[in-house]
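Taking it in order: structure first as structure tokens, then the write-up.
Just so we're on the same page: letters track the sequence lines, and every chain starts at 1. No hydrogens, no waters, no symmetry mates; every other heavy atom, side chains included, goes into these values.
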Amino acid sequence: MSVAGRALTGAIRGYQLGISPLTGPRCKYHPTCSHFAIEAIQVHGAFVGTGLAAWRVLRCNPWSNGGVDDVPEKGERLFRLTRNNAAMLNQSTSARLT
Amino acid sequence: MDTLLYPLEWVVANIVVIWHQIWAFIGLDPTSGITWALAIVGLVVTIRAALIPLFVKQIKASRAMQLIAPDLKKVQDKYKGKKDQASREAMSRETMELYSKHKTNPFASCLPMLIQAPIFFALFRVLNYNLGGDAGPIGLLSQDLIDQAANATFFGAHLNETFFNSEGMSAKIVSAVLIVAMVTTTFLTQHQLTRKNLPASALEGPMAQQQKILMYALPFIFVITGPNFPVGVLIYWTTTNIWTFGQQFYVIRNNPTPGSEAERQHQERLAAKAARKAARRGEDPSAVVIEQAPAIEDESKRSGQRQQPKRKNRGGSKPQALPADDTKDES
């Protein structure tokens, strides 16, 4: 991962450990916005990953219904209005995440 | 940064000035620090009142939760006792999918919190640089008002003084009191949420333990950051915390999470109310209570896992060892 990617991931980990427990669970999606951001940066790099994460946070608004929304694979269409992989319930977890 | 936040700062400054004028109109002394402190409280009221529609939406969503509670229970039973990460994640996936299928979601969503951060930052800048520093007038906040606010004292403390950057003891005492109030309200809000409004399944396991430690430790972050904040910001923050606590108290009391301690108390209150009503009508109050009883399921039966069929007289010479229990090595 690039330096920028590492810095961003570190900042998000800091949020997950330090700030998120204070506010309680609030994300409507799975994976949560912060996990999504880390994974997006891992897969697509710091620049595109940040864009994907920002788009996800915008979709995590009071008018959305939430649900399962995974980071799109490389080469897949990146920015959709609907969720990604919505139907793939049984292909359990994202294998990329440890 | 200056130009980016300027519109927000303009709005924040105007709201504070308008509230200051409202309090002055009601009869408070406009030069008094209390009036300025109440103007900041007014800012909190304005912002949080603007967010009430979102709050109502969230309550409606949690009402809809009652409807999908049986489905939710099925998912929970399926993963009951499984604490490894893959099962936890699969459970969370299925739960989230269930919410979206029924177009309801009990969570507040991430965006509003991120939007509130710039508002807070803008307030910090207005209080620090416009009211307290030499950034000059902004919006309705004229130089006269800035001078007036700079000279106003709230229990002897100027609104722009911080614990570290202040003269005399009064500002230190006021900010210390406010910091303690911030720590207390943050802790109480968190405590209320975890102790009362989470289902029992969420309160076990190593993650819950970690959360508990954080709950006790994290409010003290304000002890480190608080002394650098001006009294005005501390007033804003404490008021916001109190509002959050009250709002959460209301939600937990009236729309508790299914399976939580708060829900049990809610049911008890409803039952007691029904019994009182029945007694007033002259009926036997115990009849109502019995009606409620089947709702409490036998906990031992609540396993969605298929039981292994067993042959009555299993062959084999020795009694076989039980399969390894994967729930034990976690704890």
Taking side chain as C-beta onward, heavy atoms only, is [X] less than 4.5 Å from [Y]?
X: B/Leu111; Y: A/Val57; answer: yes
X: A/Asp70; Y: B/Arg93; answer: yes
X: A/Ser64; Y: B/Ser109; answer: no

Measure across B/Phe107 and A/Lys28 and return the closest heavy-atom pair with its distance rounded to 0.1 Å.
->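 For B/Phe107 versus A/Lys28, the nearest heavy atoms are O-CE, 3.3 Å.
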To the nearest 0.5 Å, how far apart are CG in B/Leu114 and CG in A/Leu58?
->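 Going from the CG atom of B/Leu114 to the CG atom of A/Leu58 covers 9.5 Å.
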Gap separating the SG atom of B/Cys110 from the CZ atom of A/Arg59, nearest 0.5 angstrom |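 If we round to the nearest 0.5 Å, B/Cys110:SG and A/Arg59:CZ are 11.0 Å apart.
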By side-chain hydrogen bond (donor to acceptor under 3.5 Å, both in side chains) - contacts of B/Thr225 (at least two apart) |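 Testing B/Thr225 for side-chain hydrogen bond (donor to acceptor under 3.5 Å, both in side chains), a comparison that skips the adjacent residues, returns none.
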Who passes side-chain hydrogen bond (donor to acceptor under 3.5 Å, both in side chains) against B/Thr46, sequence neighbours left out?
->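 B/Thr46 satisfies side-chain hydrogen bond (donor to acceptor under 3.5 Å, both in side chains) with B/Trp19 once adjacent residues are dropped.
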With a 6.0 Å cut-off (strictly less than), is the heavy-atom count around [atom1] of [X], excluding the residue itself, greater than 12?
X: B/Tyr250; atom1: OH; result: no
X: A/Phe79; atom1: CZ; result: yes
X: B/Arg264; atom1: CZ; result: yes

Please lay out, stage by stage, how B/Glu89 and A/His30 fare under the test side chain to side chain contact (heavy atoms under 4.5 Å, CB included).
-> CA-CA 9 Å; B/Glu89 171 154 1; A/His30 180 92; 3.1 Å; yes
